[in-house]
Enquirer: 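Pasting a structure here, questions to come.
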Amino acid sequence: MANVLQLWKQTTSLPVVGPLLGKRVFSLAFSQQAPYFATIRPRFTELRPNYAELRIPKRRGVHNHIGTVHAIALCNGLEAAMGALAEVTIPADKRWIPKGMDVAYTAKADSDIRCIAETDPEQWTGDDPDLPVRVRGVRADGTVVIEGVIRLWVTPKKR
């Protein structure tokens, strides 16, 4: 996506549409960037440099055999949050690609899940191409159901 932060600001500040519908428009547009994002129907709630948050609605399409949100849906939500964060945070002269994901499932995901990705500003200005993004998924009652790190490979753009 060309400029994710600009799209976020435009869609959430349209006077006729309003921020709630604007967030849905943004979420739909973002979901089209990778087909598996659309399978979880993410609803972005907050997006700014170094922070992204979205909600995965608990619905039959993301259930596992015990009726909770399945592990891959949780990971897709974390990856969508991380991707949005990376797009709105990365300096213009750099590029990124996911390198790996390490997560732990810590509780049953038996409600809608908030997926959160966070970094610190100084992580993006250093010379180390290995950039860890902290991610977690939180149940409606505040319980963390999944947490971990998605590692990015951040390098200068080719000229």
Side-chain angles (χ1 to χ4, degrees), residues 1 4-5 7-9 11-13 17-90 95-124 128-154:
M1 272 182 127
V4 174
L5 189 57
L7 179 62
W8 173 258
K9 288 178 179 178
T11 57
T12 58
S13 64
V17 174
L20 185 60
L21 186 55
K23 289 177 183 181
R24 291 224 174 188
V25 170
F26 174 86
S27 297
L28 181 62
F30 189 86
S31 294
Q32 301 310 302
Q33 296 307 300
Y36 56 90
F37 289 160
T39 65
I40 60 169
R41 297 185 187 161
R43 300 286 185 249
F44 280 85
T45 56
E46 193 170 343
L47 184 58
R48 63 180 187 273
N50 299 297
Y51 187 87
E53 183 175 318
L54 61 88
R55 183 176 57 83
I56 300 173
K58 182 180 180 289
R59 59 184 181 77
R60 182 164 167 65
V62 295
H63 283 181
N64 57 22
H65 64 289
I66 60 172
T68 61
V69 180
H70 67 78
I72 298 304
L74 295 171
C75 288
N76 284 347
L78 296 178
E79 191 169 354
M82 172 281 301
L85 173 146
E87 286 295 316
V88 304
T89 307
I90 195 163
R95 61 186 179 172
W96 67 273
I97 189 166
K99 184 176 167 182
M101 175 187 272
D102 295 308
V103 295
Y105 306 106
T106 56
K108 287 183 180 179
D110 59 5
S111 70
D112 290 358
I113 303 297
R114 285 186 312 127
C115 294
I116 300 163
E118 296 177 289
T119 56
D120 300 316
E122 56 274 4
Q123 289 179 265
W124 296 92
D128 187 358
D130 186 45
L131 193 148
V133 179
R134 299 177 307 277
V135 293
R136 69 184 183 279
V138 182
R139 218 166 45 193
D141 67 2
T143 302
V144 174
V145 299
I146 185 171
E147 61 186 341
V149 172
I150 300 176
R151 295 200 175 286
L152 304 182
W153 192 249
V154 179

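Computed from a predicted structure; not experimentally measured.
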Enquirer: I need the L74 CG to Y105 OH distance, nearest 0.5 Å.
Expert: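 These two atoms lie 7.0 Å from each other.
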
Enquirer: What distance separates N76 CG from I40 CD1, expressed to the nearest 0.5 Å?
Expert: 5.5 Å

Enquirer: Hey, what do you get for OG1 (T106) to CD1 (I146), rounding to the nearest 0.5 Å?
Expert: 8.0 Å

Enquirer: How far does CD1 of I90 sit from CG of L85, to the nearest 0.5 angstrom?
Expert: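 If I round to the nearest 0.5 Å, the distance is 10.0 Å.
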
Enquirer: For a quick test of reading the model, state the closest non-hydrogen atom pair linking H70 to N64 and the distance between them.
Expert: CB-CB, 3.7 Å

Enquirer: Given side-chain contact (heavy atoms from CB on, under 4.5 Å), test D120 with R134 step by step and report yes or no.
Expert: CA-CA 10 Å; D120 300 316; R134 299 177 307 277; 3.4 Å; yes

Enquirer: One pair to check against side-chain contact (heavy atoms from CB on, under 4.5 Å): S111 and V145. What are the steps and the verdict?
Expert: CA-CA 10 Å; S111 70; V145 299; over 6 Å; no

Enquirer: Say whether, by atom type as modelled, one donor and one acceptor occur between the side chain of K99 and the main chain of P132 under 3.5 angstrom.
Expert: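 Flag not set: sc K99 to bb P132 has no pair under 3.5 Å.
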
Enquirer: Ignoring hydrogens and geometry, is there a side-chain-to-backbone donor-acceptor pair from T68 to K108 under 3.5 Å?
Expert: no

Enquirer: Roughly how far apart are R43 CZ and C115 SG, rounded to 0.5 Å?
Expert: 13.5 Å

Enquirer: Can you say whether the rings of F30 and F37 are parallel (under 30°), tilted (30 to 60°) or perpendicular (over 60°)?
Expert: parallel

Enquirer: Can you give me the closest heavy-atom contact between V62 and P57, atom names plus distance?
Expert: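 Looks like CG2-O, 3.7 Å.
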
Enquirer: Quick one: does R59's side chain get under 4.5 Å of R41's, heavy atoms only?
Expert: yes

Enquirer: Please report the C-alpha distance between Y36 and I72 in whole Å, then the side-chain angles of each, then the deciding distance to 0.1 Å, and finally whether the side-chain contact (heavy atoms from CB on, under 4.5 Å) criterion is met.
Expert: CA-CA 10 Å; Y36 56 90; I72 298 304; over 6 Å; no

Enquirer: Apply side-chain contact (heavy atoms from CB on, under 4.5 Å) to the pair L54 and S27, showing each step before the final yes or no.
Expert: CA-CA 9 Å; L54 61 88; S27 297; over 6 Å; no

Enquirer: Here's a test for you: under salt bridge (charged side-chain N to carboxylate O under 4.0 Å, His left out), which of E147, E53, E118 qualifies with R136?
Expert: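 Only one option passes, and that is E118.
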
Enquirer: More than 12 non-hydrogen atoms from neighbouring residues, nucleotides or ligands closer than 6.0 Å to CD1 on I66, yes or no?
Expert: yes

Enquirer: Work out which heavy atom in A80 is nearest to a heavy atom in F44; give both atom names and the distance.
Expert: O-CZ, 4.0 Å

Enquirer: Answer yes or no: does atom CZ of R24 have more than 12 heavy-atom neighbours from other residues, nucleotides or ligands under 6.0 Å?
Expert: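 Check fails, neighbour count at 12 or below.
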
Enquirer: Can you tell me how far the OG1 atom of T89 sits from the CD atom of Q123, to the nearest 0.5 Å?
Expert: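 CD of Q123 is found 10.0 Å from OG1 of T89.
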
Enquirer: Specify the closest pair of heavy atoms between A84 and A52, including all atoms of both residues, with the distance to one decimal.
Expert: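 Scanning both residues, the minimum pair turns out to be CB-CB, 4.4 Å.
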
Enquirer: Does D130 come within less than 4.0 Å of R151, counting only side-chain N to carboxylate O?
Expert: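 Salt bridge between D130 and R151, a charged N being under 4.0 Å from a carboxylate O: yes.
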
Enquirer: With respect to V88, which candidate in L47, L7, N50 satisfies the side-chain contact (heavy atoms from CB on, under 4.5 Å) definition?
Expert: L47

Enquirer: Any chance you could lay out the salt bridge (Lys or Arg N to Asp or Glu O under 4.0 Å) test for R139 and D110, step after step, and finish with the verdict?
Expert: CA-CA 7 Å; R139 218 166 45 193; D110 59 5; 3.6 Å; yes

Enquirer: Looking at W8 and T45, what are the two nearest heavy atoms and their distance?
Expert: CH2-C, 3.9 Å

Enquirer: Are P42 and F26 packed together at the side-chain level, in the sense that at least one heavy-atom pair is separated by less than 4.5 angstrom?
Expert: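 P42 vs F26: side chains apart.
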
